[in-house]
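Right, one structure below, let's go through it.
Chain naming here is simple, since letters A, B, ... match the order of the sequence lines and numbering starts at 1 in each.
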Amino acid sequence: GQSLEQPSEVTAVEGAIVQINCTYQTSGFYGLSWYQQHDGGAPTFLSYNGLDGLEETGRFSSFLSRSDSYGYLLLQELQMKDSASYFCALPIRGATNKLIFGTGTLLAVQP
Amino acid sequence: NAGVTQTPKFQVLKTGQSMTLQCAQDMNHNSMYWYRQDPGMGLRLIYYSASEGTTDKGEVPNGYNVSRLNKREFSLRLESAAPSQTSVYFCASSEPHEPFATNEKLFFGSGTQLSVL
């Protein structure tokens, strides 16, 4: 089957760098996405990796290693507003535009 | 630009009651989705619609029905609500689907918090 694993919680201080890891199991890899969700609100798209390597979008970067079935989201220059839940997501096998989500990582940014 | 609009925002039902959650998007997206979110469980796909007139089951479809009324609207119906369906429900839509496109970017509504007593 398909599954994703993330740490349940991560804590970091304002201004620091934090990495949120995601390991996955799937057959027929079609890309790894990342979403942010503030306090139960609407999840919002952050990043997508279809190939190995680093994708950078401002303070956020996402990395993928397909050989290790592993990816991470890197948040730099942390701000209090980055406190949120972060989800990695995979397309369902055979249906590339249906996503399954990991259980999410709650990031707490402390002053 | 409203994006994805869900109604209602909150609802309390008694076991056995029925209700329909409404969702509409104004981004001309072909694909629409219903997810539920429970504490510690992440988002789980209930049903999916690739285009008007088509629907498909997701990970947890039991106890639900859907209708893709037109390109804009995708509703979720609970025929006989159960306490296990207490959850937050999110509707989402995505970019027009192209064959073999994999970089789907989902746009989510603000959610419906449903309690079944």
Side-chain angles (χ1 to χ4, degrees), chain A residues 1-9 20 22-24 26-52 55 57 60 62 64 66 71 84-106, chain B residues 2-6 9-10 23 25 27 29-51 54-61 66 87-114:
Chain A
Q2 293 174 281
S3 65
L4 301 107
E5 287 192 19
Q6 304 177 238
S8 58
E9 294 183 16
I20 298 174
C22 174
T23 56
Y24 61 85
T26 186
S27 56
F29 180 78
Y30 296 107
L32 187 71
S33 301
W34 289 91
Y35 286 77
Q36 179 191 58
Q37 184 181 37
H38 280 102
D39 201 20
T44 55
F45 174 84
L46 286 178
S47 186
Y48 167 82
N49 294 78
L51 300 173
D52 291 351
E55 293 286 338
T57 308
F60 292 3
S62 57
L64 176 68
R66 288 176 293 175
S85 291
Y86 293 85
F87 296 88
C88 54
L90 274 178
I92 291 177
R93 183 181 61 185
T96 58
N97 56 347
K98 290 195 289 187
L99 293 181
I100 59 170
F101 285 78
T103 52
T105 299
L106 180 62
Chain B
V4 179
T5 303
Q6 291 183 234
K9 294 191 182 300
F10 302 95
C23 175
Q25 52 91 10
M27 296 174 282
H29 288 168
N30 282 320
S31 299
M32 298 186 72
Y33 313 79
W34 276 105
Y35 283 89
R36 62 177 287 175
Q37 185 174 32
D38 304 299
M41 298 290 290
L43 291 147
R44 291 184 292 170
L45 181 64
I46 305 171
Y47 267 96
Y48 153 75
S49 171
S51 61
T54 68
T55 61
D56 195 9
K57 294 178 180 179
E59 302 168 87
V60 288
V66 290
S87 188
V88 179
Y89 292 83
F90 287 98
C91 178
S93 68
S94 66
E95 302 282 349
H97 177 59
E98 298 176 3
F100 309 114
T102 60
N103 57 338
E104 288 292 334
K105 177 180 177 180
L106 269 61
F107 294 82
F108 284 84
S110 56
T112 296
Q113 191 167 330
L114 175 68

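Using a 4.5 Å heavy-atom threshold, the side chains of A/L99 and B/Y35 count as touching. With contacts defined as side-chain heavy-atom distances shorter than 4.5 Å, the pair B/L114/B/R36 does not qualify.
Looking at B/Q37, only its side chain comes within 4.5 Å of chain A, counting heavy atoms on both sides. Using a 4.5 Å cut-off between heavy atoms, A/Q37 touches chain B through its side chain atoms alone. Of the atoms belonging to B/F107, not a single heavy atom falls under 4.5 Å from chain A.
The backbone N or O of A/S62 lies less than 3.5 Å from a partner atom in the side chain of A/N49, making a donor-acceptor pair.
If you run side chain to side chain donor-acceptor pair (under 3.5 Å) between B/H29 and each of B/S51, B/S94, B/S93, only B/S93 comes through.
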